[in-house]
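Throughout, protein chains are lettered first and strands after them, A, B, ... in sequence-line order, and every chain is numbered starting at 1. None of the values given here were measured: they were computed from a predicted structure.
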Amino acid sequence: MAAIQERWLPVWDELAPFRSGRPDDDRPTKYVLDMFPYPSGDLHMGHAEAYALGDVVARYWVQRGFNVMHPIGWDAFGLPAENAAIKRGEDPVRWTYENIAQQKSSMRRYACSFDWDRVFNTCDPEYYRWNQWFFLRMFERGLAYRKDSNVNWCPNCQTVLANEQVVGGLCERCDTAVTKKKLTQWYLRITDYADRLLDDMQQLEGAWPEKVLLMQKNWIGRSVGAEVQFAIEGRDEPVTVYTTRPDTLYGATFFVVAADSDLASELAAGTPAEAEFTAYLEKVKNESELDRLDASRAKTGVDLQLHAINPVNGERIPVWASDYVLADYGTGAIMAVPAHDQRDLDFALTFGLPVRVVVEAGEDPAVTGVATADDGPHVNSGPLDGLDKADAIDRIVDILRERGTGEPAVNYRLRDWLISRQRYWGTPIPIVHCPACGEVPVPDDELPVRLPPAEGLDLKPKGTSPLGGAVDWVHTDCPRCGGPALRDTDTMDTFVDSSWYYLRYADPQNDEEAFDPEKVRRWLPVDQYVGGVTHAILHLLYSRFFTKVLHDMGMLDFTEPFTRLLNQGMVVMDGSAMSKSRGNLVRLSDELAVHGVDAIRLTLVFAGPPEDDIDWADVSPAGSKKFLARAWRLSGDVTSAPGADPTTGDVELRKATHRAVHDSAVAVESLRFNVAIARAMELVNATRKAIDSGCGPADPAVREAVEAVAVMLSVVAPYTAEDMWSRLGHEPCVALAGWPDVDPALLVEESVICVVQVAGKVRDRIEVPPTISEDELRERALAAPGLVKALEGRGIRTVIVRAPKLVNVVPA
RNA sequence: GCCCCUUUAGCUCAUUGGUAGAGCGCUCCCUUGGUAAGGGCGAGGUACCGGGUCCGAUUCCCGGAAGGGGCUCCA
């Protein structure tokens with residue numbers, strides 16, 4: 001096996017069958033993309049699976065005559081390089097590029113069908129320059145902005161995190177409990193695109209996993225309701241609340257503002273409750289995100305001893321501050337309707353506040369402790385009495401609008417994307433802070449703002465950007481007034497890098513612009529994207545956002561970047577994720593050494609549907625190897641010459657061949673690669689039989705079959721296939737041999753077995769032509785001996801005929 | 001708590017409103033001049049359980065069980 005690998009690698013290097021940028025290439029195009037890897041160490045089992053799957057698709061479309069762009073690059077910015085620098089004093093640049101070289105050489109041996117002419121790394125200044133360029137365009141459009149806010153803070157990584165990077169209150173990267181910190185940070189206004197991110201999912205219906213679409217939908221969390229203004233006694237400005245249930249306005253018995261909002265501090269100032277509030281706020285600030293997420297914990301709050309006025313009935317209701325209301329959702333203040341909202345009810349019961357039912361829907365919540373959210377006739381609600389929910393909402397919105405105290409509103413769970421990071425190994429934010437001019441963009445012709453060398457910088461996480469230590473780099477002149485100014489010292493979230501890399505592949509060397517729109521038009525959108533489900537929200541949502549922004553800038557003519565998405569499963573061992581600490585790590589390099597590249601690829605692809613997890617304990621690379629050897633041996637048995645006319649060959653074997661070629665193509669196109677391989681295995685078995693005990697090795701049908709096997713295998717086991725192709729007397733590459741044409745005549749069966757049933761039970765089988773008429777079939781079936789016997793002379797009530805496969809006789 | 005998916009041979013999975021299949025594994029036989037291998041034969045199924053529709057349900061519908069996944073103070 002090793003010998004075969006060594007034989008063909010140099011040949012493929014020479015012939016470069018997967019180069020997609022030849023100027024005279026007039027094949028139609030396809031774009032197959034694997035999510036690019038992060039260069040931490042060498043490739044592992046997960047990579048091996050993902051790239052084997054992507055390769056099947058890419059190689060298949062090449063066989064079908066397409067010019068396939070199947071690029072690779074490296075997602076090379078990020079914390080591991082920095083951590084290696086901190087722990088072992090390595091230079092992040094060297095560490096990163098060495099790992100890339102290592103992975104690249106492993107990919108070559110793994111025979112990935114990448115177009116090596118298109119490689120780039122996101123840490124190349126030639127690439128991140130365009131991150132900065134896009135940032136500046138967004139800044140000009142008001143889509144990139146800085147604001148002071150309570151942000152997610154990971155005390156371990158010592159950096160801020162985007163909402164998407166907080167999973168269940170923990171840092172996505174290191175599982176540390178996330179806290180809040182008030183900081184001024186850069187954001188991208190993804191919320192402006194919330195509706196389009198939602199609506200455009202229609203384009204992806206059926207082409208992306210249902211699960212991913214659902215997760216994105218939940219994440220965006222569009223909610224429709226109304227904003228209602230409440231006057232506050234002793235304050236000029238009214239306070240607006242957001243509610244999805246304006247119809248329950250008459251049931252509002254108190255009012256709550258988020259304790260950590262500016263509004264709360266403002267309202268508390270000067271009240272007798274101020275001291276109590278300040279103490280409470282201190283406590284709230286120290287809570288971790290994890291604490292806050294525990295919905296079952298007791299409600300807490302402070303009575304601000306103020307009153308809000310219900311705009312519809314003039315009722316005075318008490319104003320409280322609590323941490324169960326979020327400062328950054330809606331307006332940071334709510335009207336509390338305890339009868340019909342569980343959280344409000346819990347709060348009311350804790351503090352002895354009144355509960356008033358306004359929708360008749362079951363038991364009294366004040367007694368049961370369970371708020372009712374169902375529809376029902378409204379009561380205690382003045383003009384809404386008797387109406388159901390939908391009508392009551394319409395009515396109350398009309399009333400509020402008339403009085404100018406409210407209007408319909410939409411809110412999203414999605415927050416703007418926080419992109420500043422207080423870390424070294426990322427794209428510098430191209431902004432200069434000038435004491436006179438404020439935030440000044442670095443002019444385009446001064447891009448890229450290069451990362452200063454790590455040498456001499458303190459990269460240890462300490463809560464402020466390491467770039468601040470690069471004194472010469474930080475101090476600069478203001479591009480606007482020329483006065484002394486300071487560079488922004490934060491770097492961009494690395495998800496910015498991956499939000500547009502798929503566009504750069506179409507034009508990777510361009511140093512005039514991020515990409516030539518013409519080239520992008522030729523290749524994009526991506527026809528098939530392959531990657532892990534871990535990116536269901538983060539990377540995929542951000543990429544969709546970038547695509548829409550660039551579309552609005554006139555740079556793209558499509559609005560969704562990835563036409564079809566495949567989320568491959570994980571490779572696990574004995575039912576759980578592989579890890580060194582668990583002691584169940586299977587090393588890819590070991591497996592490759594024992595079984596060879598082809599057997600490992602085949603094992604991964606054949607293990608099951610690609611989206612399912614693979615338990616390495618359940619699969620058999622040795623079995624894969626055995627199958628490949630069995631297929632390979634066929635190529636030595638063929639005795640007819642290349643070009644032998646198959647039409648004179650054995651018809652039964654030819655049928656098996658054409659059926660297999662047809663079925664496996666259908667399977668590949670619907671991403672059921674394991675099925676495609678099963679079909680190839682069946683053909684290998686049929687061919688073996690034909691050679692040993694059928695038409696014999698000289699029959700041209702045998703050559704046709706074996707050549708078909710070689711081409712089918714070429715998409716998953718390239719070394720074996722290439723060697724077979726060579727033994728069959730052909731020049732390389734089998735990868736470009738072309739998928740065999742299917743003769744439809746050979747797919748038609750000459751006769752089929754028809755089942756003859758009595759009352760649904762099979763009593764006989766008869767062989768009939770597939771084109772048999774219903775009448776003819778009925779007649780023949782009724783004469784079948786098994787049927788006559790089963791009927792035992794009973795009469796017949798009905799005969800159901802489903803030509804040509806079945807006849808069912810219902811006896812009287 | 002809410003929502004979604006899955007359940008077919010020992011294992012991993014195909015398939016189908018009408019005969020339930022493949023690979024691996026297993027049994028046995030042949031080969032011993034392809035041999036740390038090769039060829040062949042075979043066993044193995046109440047298609048999770050219970051109801052319904054239908055001439056006929058593993059498939060469609062309803063309910064339940066088991067396993068997996070997602071969301072969860074977002075007003």
J.: Just to confirm, is there a sub-4.0 Å distance from OP1 or OP2 of B:G39 to any side-chain nitrogen or oxygen of A:Arg630?
T.: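 For A:Arg630, the contact criterion (side-chain N or O under 4.0 Å from OP1 or OP2 of B:G39) is met.
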
J.: Counting just side-chain N and O atoms, does A:Asn685 come under 4.0 Å of either OP1 or OP2 of B:G23?
T.: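 The answer is yes; a side-chain N or O of A:Asn685 sits under 4.0 Å from OP1 or OP2.
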
J.: What interatomic distance, in whole Å, is found between P of B:C3 and the corresponding atom of B:G21?
T.: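 Between the two P atoms, the distance is 39 Å.
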
J.: When Watson-Crick pairs (N1 to N3 and N6-O4 or O6-N4) and G-U wobble pairs (N1-O2 and O6-N3) count only below 3.5 Å on both distances, what is the dot-bracket string of RNA chain B, with | for other-strand pairs?
T.: (((((((..((((....[..)))).(.(((.......))).).....(((((..]....))))))))))))....

J.: Which of these passes salt bridge (charged side-chain N to carboxylate O under 4.0 Å, His left out) with A:Asp323: A:Lys180, A:Arg297, A:Lys285?
T.: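 Between A:Asp323 and the candidates, salt bridge (charged side-chain N to carboxylate O under 4.0 Å, His left out) is satisfied uniquely by A:Arg297.
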
J.: On the nucleotide B:A75, are OP1 or OP2 found under 4.0 Å from the side-chain N or O atoms that A:Tyr329 carries?
T.: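 Affirmative; the distance criterion is met.
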
J.: Can you tell me whether the side chain of A:Lys626 and the base of B:C24 have a donor-acceptor pair closer than 3.5 Å?
T.: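 Answer no: no donor N or O sits under 3.5 Å from an acceptor.
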
J.: Nearest-Å distance, NZ (A:Lys211) to P (B:C71)?
T.: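 Rounded to whole Å, this separation is 10 Å.
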
J.: Any idea which of B:A75, B:C11, B:G39 is nearest the A:Asp692 side chain?
T.: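 Output: B:G39.
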
J.: Side chain of A:Asp323 only, heavy atoms from C-beta on: which candidate in B:A22, B:G38, B:C73 is closest?
T.: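 That would be B:C73.
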
J.: Write down the distance between CD (A:Glu611) and P (B:C13), rounded to a whole number of angstrom.
T.: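 One finds 10 Å between P of B:C13 and CD of A:Glu611, rounded.
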
J.: Take atom CD of A:Glu611 as the centre, draw a 6.0 Å sphere, and report whether it contains more than 12 heavy atoms from other residues, nucleotides or ligands.
T.: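 Correct, the count exceeds 12.
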
J.: In whole angstroms, how far is the P atom of B:G70 from the NZ atom of A:Lys217?
T.: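 Value for this atom pair: 19 Å.
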
J.: Evaluate the ring planes of A:Trp320 and A:Phe351, with Trp represented by its six-membered ring, and classify them as parallel (under 30°), tilted (30 to 60°) or perpendicular (over 60°).
T.: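 The rings of A:Trp320 and A:Phe351 sit tilted, inter-plane angle from 30° to 60°.
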
J.: Look at the side-chain N and O atoms of A:Arg672 and state whether any lies under 4.0 Å from the OP1 or OP2 oxygen of B:U15.
T.: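 Yes, A:Arg672 has a side-chain N/O under 4.0 Å of OP1/OP2 on B:U15.
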
J.: Taking the six-membered ring for Trp, are A:Phe606 and A:Phe627 ring centroids under 6.0 Å apart?
T.: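 Between A:Phe606 and A:Phe627, the centre distance exceeds or equals 6.0 Å.
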
J.: Tell me if a side-chain donor or acceptor on A:Lys625 pairs with a main-chain N or O of A:Val594 at a distance below 3.5 Å.
T.: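 At least one qualifying donor-acceptor pair exists.
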
J.: Here's one to test your reading of the geometry: is the NZ or CZ of A:Lys299 within 45 degrees of the ring axis of A:Phe347 and under 6.0 Å from its centre?
T.: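 Relative to the ring axis of A:Phe347, which defines the angle, A:Lys299 lies outside at least one limit.
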
J.: Nearest to the side chain of A:Ile800, which nucleotide is it out of B:C24, B:C55, B:G40?
T.: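 The closest nucleotide is B:C55.
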
J.: Go through B:A75, B:G23, B:G40 for me and flag the one nearest to the A:Ser223 side chain.
T.: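 The answer is B:A75, which lies nearest to the side chain.
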
J.: Using the P atom on both, measure B:U6 against B:U59 and round to a whole Å.
T.: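 To the nearest whole Å, 13 Å.
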
J.: Just by distance, with hydrogens left out, do A:Asp416 and A:Thr191 show a side-chain donor and acceptor under 3.5 Å apart?
T.: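 Side chains of A:Asp416 and A:Thr191: pair found under 3.5 Å.
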
J.: Can you check whether A:Arg633 has a side-chain N or O nearer than 4.0 Å to OP1 or OP2 of B:G38?
T.: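 Yes, A:Arg633 has a side-chain N/O under 4.0 Å of OP1/OP2 on B:G38.
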
J.: From B:C13, B:A22, B:U12, pick the nucleotide closest to the side chain of A:Asp612?
T.: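 In terms of side-chain proximity for A:Asp612, the closest of B:C13, B:A22, B:U12 is B:C13.
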
J.: Looking only at the side chain of A:Asp618 (C-beta and beyond, no hydrogens), which of the listed nucleotides B:G39, B:C11, B:A14 gets closest?
T.: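 It is B:C11.
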
J.: Could you check which of B:C55, B:G39, B:C71 has an atom nearest any side-chain atom of A:Asn808?
T.: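 The closest nucleotide is B:C55.
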
J.: In whole angstroms, how far is the C1' atom of B:C73 from the OH atom of A:Tyr242?
T.: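 After rounding, the reported distance stands at 16 Å.
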
J.: Ignoring hydrogens and geometry beyond distance, is a side-chain donor-acceptor pair present between A:Tyr250 and A:Asn310 at under 3.5 Å?
T.: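 Side-chain D/A pair, A:Tyr250 to A:Asn310: absent.
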
